[in-house]
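The structure appears right after this line, and notes come after that.
The figures here come from the full heavy-atom set of this structure, side chains too, leaving out hydrogens, waters and symmetry mates. Just so you know, ligand 1 is whichever comes first in the structure, and atom 1 is the first atom listed for that ligand.
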Amino acid sequence: MDAEREREFDRVVAAEQRVEPRDWMPDGYRKTLIRQIAQHAHSEIIGMQPEANWISRAPSLRRKAILLAKVQDEAGHGLYLYAATETLGADREDLTTRLVQGRQKYSSIFNYPTLTFADVGVIGWLVDGAAICNQVPLCRTSYGPYARAMIRVCKEESFHQRQGYELLMTMMRGTEAQRRMVQDAVDRWWWPSLMMFGPPDDASSNTERSMAWRIKRHTNDELRQKFVDMTVPQAEALGVTLPDPELRWNPERGHHDFGQIDWDEFWRVVGGDGPCNRQRVDHRRAAHENGAWVREAAAAYAAKQARQEGAA
Ligand SMILES: CC(C)(COP(=O)(O)OP(=O)(O)OC[C@H]1O[C@@H](n2cnc3c(N)ncnc32)[C@H](O)[C@@H]1OP(=O)(O)O)[C@@H](O)C(=O)NCCC(=O)NCCSC(=O)Cc1ccccc1
């Protein structure tokens with residue numbers, strides 16, 4: 001019976017149709033999806049912290065309103081993605097517990113500090129830029145609820161990316177000190193942004209299986225290359241230098257060559273030992289604990305409503 005169901009599942013995936021929550025799916029497929037979508041949701045929620053650091057110190061009311069809206073969008077993306085994991089039978093409370101206990105990952109990029117307001121612009125440009133590169137193909141991922149969530153998320157991310165680029169353009173038209181601030185932020189965020197795409201393909205334990213299931217549509221290295229090729233002309237237009245002396249166009253490959261990524265740093269940060277890992281998780285844990293009364297009140301209200309409906 002399972003063999004027959006598996007054949008039907010394979011047929012659906014091969015035909016580029018969507019797998020939906022009520023469809024039969026192999027356990028490994030379900031587990032991989034929960035892992036990836038939960039990690040993605042956690043990244044959105046933890047990813048609110050670095051930029052939120054600047055909301056109270058934004059240089060104008062306009063910049064403050066924009067930043068506030070962006071950080072709120074990230075909360076929305078996180079909730080949307082947690083809802084997608086629930087369609088696979090995951091429990092949101094359990095996922096949050098795993099996150100705050102360090103048993104489930106979130107993107108390495110959010111473990112770096114935001115030192116100046118230029119970091120807000122660079123996060124929009126490079127981090128949202130990398131997120132879009134990675135997530136646009138996920139609009140064609142094989143699991144229906146995840147693919148549909150990605151369509152909306154990508155629209156918002158591309159708006160985020162433009163606001164970051166516009167912020168940096170404004171700073172680059174400003175004073176010499178502002179231009180230096182932008183260059184310094186680019187120098188600090190460039191390499192961590194390349195790490196967002198995950199380890200090189202030969203060290204990526206999940207890629208082969210996830211590609212076969214059409215959860216992932218491109219490998220980590222393919223997407224990283226696409227991001228570099230897309231970003232180089234944007235850096236030129238902005239007037240900043242990407243901090244890699246080996247970065248140059250290779251006419252034979254039709255792509256930019258780039259220098260060696262510090263994979264020791266990547267694994268250190270993923271393993272919990274980056275500049276801000278501790279702070280990010282502690283903050284998330286405190287927010288969760290402080291919100292306990294809201295969850296209790298909501299559950300009590302829902303129970304009361306259910307009792308009243310039962311009595312009616
Ligand atoms: C490509 C990858 C991230 C990783 O490929 P996979 O096939 O899943 O893994 P692979 O075998 O290649 O790796 C081996 C191990 O290494 C882990 N690991 C790898 N890379 C990282 C990393 N960078 N950080 C930490 N861990 C990483 C990986 O989990 C695995 O460990 P496991 O086996 O779980 O113990 C994939 O999961 C994906 O596309 N996810 C969806 C997109 C998504 O999550 N986006 C998040 C950013 S959202 C955003 O930025 C929006 C925003 C913008 C601005 C402000 C605020 C918010």
For this session: Examine the side chains of Asp187 and Gln183 and answer whether a donor and an acceptor come within less than 3.5 Å of each other.
Result: yes

For this session: Using distance alone, decide if ligand 1 has a nitrogen or oxygen within less than 3.5 Å of any nitrogen or oxygen in Glu44.
Result: no

Exercise. Identify the closest protein heavy atom to atom 29 (O) of ligand 1: which residue and atom is it, and at what distance?
Worked result: Gln39 OE1, 2.6 Å

For this session: Have a look at ligand 1 and work out which part of Val269, if any, has a heavy atom under 4.0 Å from it: side chain, backbone, both or neither.
Result: neither

Exercise. Looking only at protein heavy atoms, which one is nearest to atom 39 (O) of ligand 1, and how far off is it?
Worked result: Asn134 ND2, 3.0 Å

Exercise. Hey, is atom 43 (C) of ligand 1 touched by any protein heavy atom at less than 4.0 Å?
Worked result: yes

Problem set entry | Closest protein heavy atom (residue, atom, distance) for atom 31 (O) of ligand 1 | Lys105 NZ, 3.3 Å

Problem set entry | Distance-only donor-acceptor check, side chains Tyr82 and His77, under 3.5 Å | no

Exercise. Quick one: do the Gln234 and Trp125 side chains pair a donor with an acceptor below 3.5 Å?
Worked result: yes

Exercise. Which of the atoms in ligand 1, numbered in the order shown and given with their element, are less than 4.0 Å from a heavy-atom of Met195?
Worked result: 23 (N)

Problem set entry | Residue and atom name of the nearest protein heavy atom (relative to atom 8 (O) of ligand 1), distance in Å to one decimal | Arg35 NH1, 3.1 Å

For this session: Counting heavy atoms only, name the option from Ser107, Gly164, Ser205, Ser43 that's nearest to atom 14 (C) of ligand 1.
Result: Ser205

For this session: Considering heavy atoms of the protein only, find what lies nearest to atom 20 (N) of ligand 1 and give residue, atom and distance to 0.1 Å.
Result: Gly198 CA, 3.2 Å

Problem set entry | Test item, Ser210 contacting ligand 1 (heavy atom, 4.0 angstrom) | no

Seminar exercise, completed: Closest to atom 10 (P) of ligand 1 among protein heavy atoms sits Ser204 OG, 3.4 Å

Exercise. Under the side chain to side chain donor-acceptor pair (under 3.5 Å) criterion, do Asp221 and Gln225 qualify, and how do the steps go?
Worked result: CA-CA 6 Å; Asp221 287 331; Gln225 180 71 63; over 6 Å; no

For this session: Verify the distance criterion only: is there a donor paired with an acceptor across the side chains of Ser142 and Tyr29 at less than 3.5 Å?
Result: yes

Exercise. What's the verdict on side chain to side chain donor-acceptor pair (under 3.5 Å) for Thr87 and Tyr146, showing C-alpha distance, side-chain angles and the deciding distance?
Worked result: CA-CA 10 Å; Thr87 68; Tyr146 191 27; over 6 Å; no

Exercise. Which atoms of ligand 1 are found less than 4.0 Å from any heavy atom of Ala131?
Worked result: 49 (C), 50 (O)

Exercise. Is it true that Glu16 and Arg214 make a salt bridge, defined as a side-chain N closer than 4.0 Å to a carboxylate O?
Worked result: yes

For this session: Please identify each residue that fulfils ring pair (Phe, Tyr, Trp, His ring centres under 6.0 Å) with His256, with sequence neighbours left out.
Result: Trp249

Exercise. Near Lys216, which atoms of ligand 1 are under 4.0 Å from a heavy atom of that residue?
Worked result: 5 (O), 6 (P), 7 (O), 12 (O)

Problem set entry | Distance from atom 53 (C) of ligand 1 to nearest protein heavy atom, with residue and atom | Asp128 OD1, 3.4 Å

Exercise. Do Asn250 and Asp257 have side-chain N/O donor and acceptor atoms under 3.5 Å apart?
Worked result: yes

Exercise. Will you find, in the side chains of Arg285 and Gln101, an N or O donor that is under 3.5 Å from an N or O acceptor?
Worked result: no

Exercise. Quick one: does ligand 1 sit under 4.0 Å from the side chain of His40, the backbone, both or neither, non-hydrogen atoms only?
Worked result: both

For this session: Would you mind running through ligand 1 and noting each atom that sits below 4.0 Å from a heavy atom of Tyr106?
Result: 24 (N), 25 (C)

Exercise. Applying the 4.5 Å side-chain criterion to the ILVMFWY set and letting contacts propagate, would Ile46 and Leu68 be lumped into a single cluster?
Worked result: yes

For this session: State whether the shortest distance between N or O atoms of Asn206 and N or O atoms of ligand 1 falls below 3.5 angstrom.
Result: yes

Exercise. Under 4.0 Å from any heavy atom of Glu157, which atoms of ligand 1 are there?
Worked result: 51 (C)

For this session: State whether a side-chain donor-acceptor pair under 3.5 Å links Gln49 with Asn53.
Result: no

For this session: Report yes or no: does Glu51 have a heavy atom closer than 4.0 Å to ligand 1?
Result: yes

For this session: Consider only side-chain N and O atoms of Tyr106 and Asn111, and report whether a donor and an acceptor are under 3.5 Å apart.
Result: yes

Seminar exercise, completed: Looking only at non-hydrogen atoms, the one of Phe266, Phe197, Phe110, Tyr146 nearest atom 18 (N) of ligand 1 is Phe266

Exercise. Considering residues, nucleotides and ligands other than Glu208, do more than 12 of their heavy atoms fall under 6.0 Å from its CD?
Worked result: no

Problem set entry | Under 3.5 Å side-chain donor-acceptor pair for Trp189 and Asp119 | yes

For this session: Report, in ascending order of atom number, the atoms of ligand 1 lying under 4.0 Å from any heavy atom of Val127.
Result: 53 (C), 54 (C)

Exercise. Which option, Gln104, Gln36, Met48, owns the non-hydrogen atom nearest atom 36 (C) of ligand 1?
Worked result: Gln36

For this session: Return the residue, atom name and 0.1 Å-rounded distance of the protein heavy atom closest to atom 22 (C) of ligand 1.
Result: Ser108 OG, 3.6 Å

Exercise. Just which atoms of ligand 1 are under 4.0 Å from any heavy atom in Glu74?
Worked result: 54 (C), 55 (C), 56 (C), 57 (C)

